[in-house]
Amino acid sequence: MTQPTYVVIGNPIAHSKSPQIHAAFAAQFADHPAVSSFDYQQLLAPLDGFSATVNAFADAGGRGANVTVPFKEGAFRWVGEQLTERAAAAGAVNTLVRQANGTWQGDNTDGAGLVADLLRHIDLRDQRILLLGAGGAARGALLPLLQQQPKSLSVANRTQSKAQLLLDEVAAPWLHAQDVSLPMLSLGFDDLLDEVVIAERLQFDVVINGTSASLSGERLPIGDAIFAPNALAYDMMYGKNETPFLAQARRAGVHQRVDGLGMLVGQAAEAFELWTGLRPDVAPVLQWMREQI
């Protein structure tokens, strides 16, 4: 096997579709010198050996890496202070970029991939956005969503205090630095039951599921009334079948329902551009990925 110039690092890693996605991106620029030596492979790291693995890859001439579970926080620590604003806000790194001076910068393209996919379906400006969940996926999405200038941004979680902490740690400092005011609410899932939503008039134009509930086939304990007329429901998870969250949205009469496959391809496109300076066309790769599920 040749020494790759780009890798995706994880454990497990054999399931990753990233090599196929990036090969498809590179094929769009087959004659461009930026991809003449583009070789992207999977790289399995021991659970206790991320730093050693990425150091060896770097010493062998590696130029860039994607980082997946369970190493995103480890990559955040590995790069030290060489972080983009969105990676610092996310507290996690999913993309490593070798700079011209040989140092490494950590970035997080997950939120950008989410926003790019959402923008294929809806303009986020002046929309009332609800983000479900307060874990790593939600944290990574918060800053890119704020940058779209929504009308309001609310975060809901089983434990309301965790939603508030997320707003305090990520949203509030950024808004203060930008000298921008934006209505924000931290909510518990109990606040999203139909009777509360109707009484408090809590409806949202864009509802994003950033929890892992769909992975286990779990239905979130929230009501149907959260969806405003003409709302869009988005689940960061995806699969061959409709996710429980999108099934609930369908039963609630939501016509725009989107799963997270486009987010996966979108975050990869963002990383590819960081490495090569080339912006790939996501649409044909997304269609091909959809056919593979």
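- By the 6.0 Å contact criterion, NE2 on His15 is enclosed, its count of non-hydrogen atoms from other residues, nucleotides or ligands being greater than 12.
- Members clustered with Ile222: Leu130, Leu132, Leu185, Leu187, Phe189, Leu192, Val197, Leu202, Phe204, Val207, Leu220, Ile226, Phe227, Phe245, Leu246, Val254, by chain and number, using a 4.5 Å side-chain heavy-atom cutoff among hydrophobic residues.
- Side chain of Thr159 to backbone of Ser161: no donor-acceptor contact under 3.5 angstrom is found.
- Here the side chains of Val8 and Leu43 are not in contact, with every heavy-atom distance at 4.5 Å or above.
- With respect to the salt-bridge test (charged N to carboxylate O, under 4.0 angstrom), the residues Arg86 and Glu270 qualify.
- No side-chain heavy atom of Met184 sits under 4.5 Å from any side-chain heavy atom of Ser152.
- For Phe38 and Phe272, the ring centers sit closer than 6.0 Å to each other.
- Taking every heavy atom of both residues into account, Asp205 and Ala228 meet most closely at OD1-CB, 3.8 Å.
- Nearest approach of Gln256 to Ala231, heavy atoms of both residues: CB-O, 3.8 Å.
- The side-chain heavy atoms of Ile21 and Val285, taken from C-beta on, include a pair separated by under 4.5 Å.
- At distances below 3.5 Å, at least one donor-acceptor pair connects side-chain atoms of Gln42 with backbone N or O atoms of Ile13.
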Let me see the working for Ser37 and Arg63 under side chain to side chain donor-acceptor pair (under 3.5 Å), right down to the final yes or no. CA-CA 11 Å; Ser37 60; Arg63 299 179 189 175; 3.1 Å; yes
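- Inter-residue side-chain proximity for Arg290 and Leu261 is flagged as met; some heavy-atom pair is nearer than 4.5 Å.
- His22 approaches Trp275 most closely through the heavy-atom pair CE1-CZ3, 3.5 Å.
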Evaluate the side chain to side chain contact (heavy atoms under 4.5 Å, CB included) criterion for residues Leu131 and Leu142: first the C-alpha distance (whole Å), next the side-chain angles of each, then the deciding distance (0.1 Å), finally the verdict. CA-CA 8 Å; Leu131 182 58; Leu142 202 54; 4.1 Å; yes
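- Residues satisfying the side chain to side chain donor-acceptor pair (under 3.5 Å) test with Glu85, not counting sequence neighbours, are Trp174.
- Hydrophobic clustering (side-chain heavy atoms under 4.5 Å, transitive across Ile, Leu, Val, Met, Phe, Trp, Tyr) groups Met263 together with Ile122.
- To the nearest 0.5 Å, atoms CD (Gln149) and CG (Leu145) are separated by 13.0 Å.
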Check the pair Phe25 / Thr276 against side chain to side chain contact (heavy atoms under 4.5 Å, CB included), numbers first and verdict last. CA-CA 11 Å; Phe25 289 159; Thr276 66; over 6 Å; no
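- For Glu81, the CD atom sits in a loose shell: 12 or fewer heavy atoms of surrounding residues, nucleotides or ligands are nearer than 6.0 Å.
- Taking 4.5 Å as the limit, every side-chain heavy atom of Arg128 sits out of range of all side-chain heavy atoms of Pro183.
- Taking a 6.0 Å sphere around CG of Asp123, one finds it holds more than 12 heavy atoms contributed by other residues, nucleotides or ligands.
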Audit row: Leu278, Glu273, side chain to side chain contact (heavy atoms under 4.5 Å, CB included) steps and yes/no: CA-CA 5 Å; Leu278 304 171; Glu273 184 175 13; over 6 Å; no
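- In this structure a side-chain-to-backbone donor-acceptor pair under 3.5 Å is present from Thr109 to Gln267.
- Transitive grouping of hydrophobic side chains (ILVMFWY, heavy atoms separated by less than 4.5 Å) brings Val155 and Leu175 into a common cluster.
- Between the side chain of Asn157 and the main chain of Gly188, no donor-acceptor pair closer than 3.5 Å is present.
- A side-chain donor from one of Asp224 and Gln248 sits under 3.5 Å from a side-chain acceptor of the other.
- Looking only at side-chain heavy atoms (C-beta outward), Pro221 and Arg158 come within less than 4.5 Å of each other.
- When side chains are defined from C-beta on, Phe71 does not count as touching Thr53, because their heavy atoms never get closer than 4.5 Å.
- Under the 4.5 Å side-chain heavy-atom criterion for ILVMFWY residues, a single connected hydrophobic cluster contains both Phe57 and Val79.
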Check the pair Asn66 / Tyr40 against side chain to side chain donor-acceptor pair (under 3.5 Å), numbers first and verdict last. CA-CA 10 Å; Asn66 286 135; Tyr40 187 111; 2.6 Å; yes
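- Minimum heavy-atom separation, Asp281 to Ala283: OD1-N, 3.2 Å.
- Here the OG atom belonging to Ser212 is positioned 7.5 Å from the CD atom belonging to Glu218, to the nearest 0.5 angstrom.
- Lys17 NZ to Gln292 CD: the interatomic distance, rounded to the nearest 0.5 Å, is 7.5 Å.
- Put simply, the side chain of Met289 reaches to within 4.5 Å of the side chain of Leu264, judged on heavy atoms.
- Distance CG/Leu124 to CD/Gln147: 12.0 Å, rounded to 0.5 Å.
- Closest non-hydrogen pair, Leu44 versus Pro12, comes out as CD1-CA, 4.4 Å.
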Should Asp39 and Thr5 be marked as a side chain to side chain donor-acceptor pair (under 3.5 Å) after you check the CA-CA gap, both sets of side-chain angles, and the distance that decides it? CA-CA 5 Å; Asp39 182 13; Thr5 48; 5.8 Å; no
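- Counting only distance, with no hydrogens or angles, the side chain of Gln99 and the backbone of Val97 share a donor-acceptor pair below 3.5 Å.
- Considering every non-hydrogen atom in both Gln41 and Pro19, the closest pair reads C-CG, 4.4 Å.
- Atom CG in Asp168 sits 7.5 Å away from atom OG in Ser186 (nearest 0.5 Å).
- Asn108 places no side-chain N or O within donor-acceptor distance of the main-chain N or O of Ala90, the cut-off being under 3.5 Å.
- A donor-acceptor contact shorter than 3.5 Å is absent between the side chain of Trp288 and the backbone of Ala24.
- Under the 4.5 Å side-chain heavy-atom criterion for ILVMFWY residues, no single connected hydrophobic cluster contains both Tyr238 and Leu118.
- No more than 12 heavy atoms of other residues, nucleotides or ligands lie within 6.0 Å of CG in Asp179, so this atom counts as exposed by the packing criterion.
- The distance from atom CZ of Arg257 to atom NE2 of His121, rounded to the nearest 0.5 Å, is 12.0 Å.
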Does Asp117 form a side chain to side chain donor-acceptor pair (under 3.5 Å) with Tyr234? I'd like the steps, not just the answer. CA-CA 10 Å; Asp117 197 34; Tyr234 193 99; 2.7 Å; yes
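- Hydrophobic clustering, with ILVMFWY side chains joined whenever heavy atoms are under 4.5 angstrom apart, keeps Leu286 apart from Leu119.
- For the pair Gln148 (side chain) and Val115 (backbone), a donor-acceptor distance under 3.5 Å is absent.
- For the side chain to side chain donor-acceptor pair (under 3.5 Å) with Asn94, the lone residue among Thr68, Asp110, Asp107 that qualifies is Asp110.
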After noting the C-alpha distance and the side-chain angles of Gln127 and Val206, does the key distance pass the side chain to side chain contact (heavy atoms under 4.5 Å, CB included) rule? CA-CA 7 Å; Gln127 304 284 3; Val206 180; 4.2 Å; yes
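- Side-chain N or O atoms of Asp194 include one that pairs as donor or acceptor with a backbone N or O of Ala225 at under 3.5 Å.
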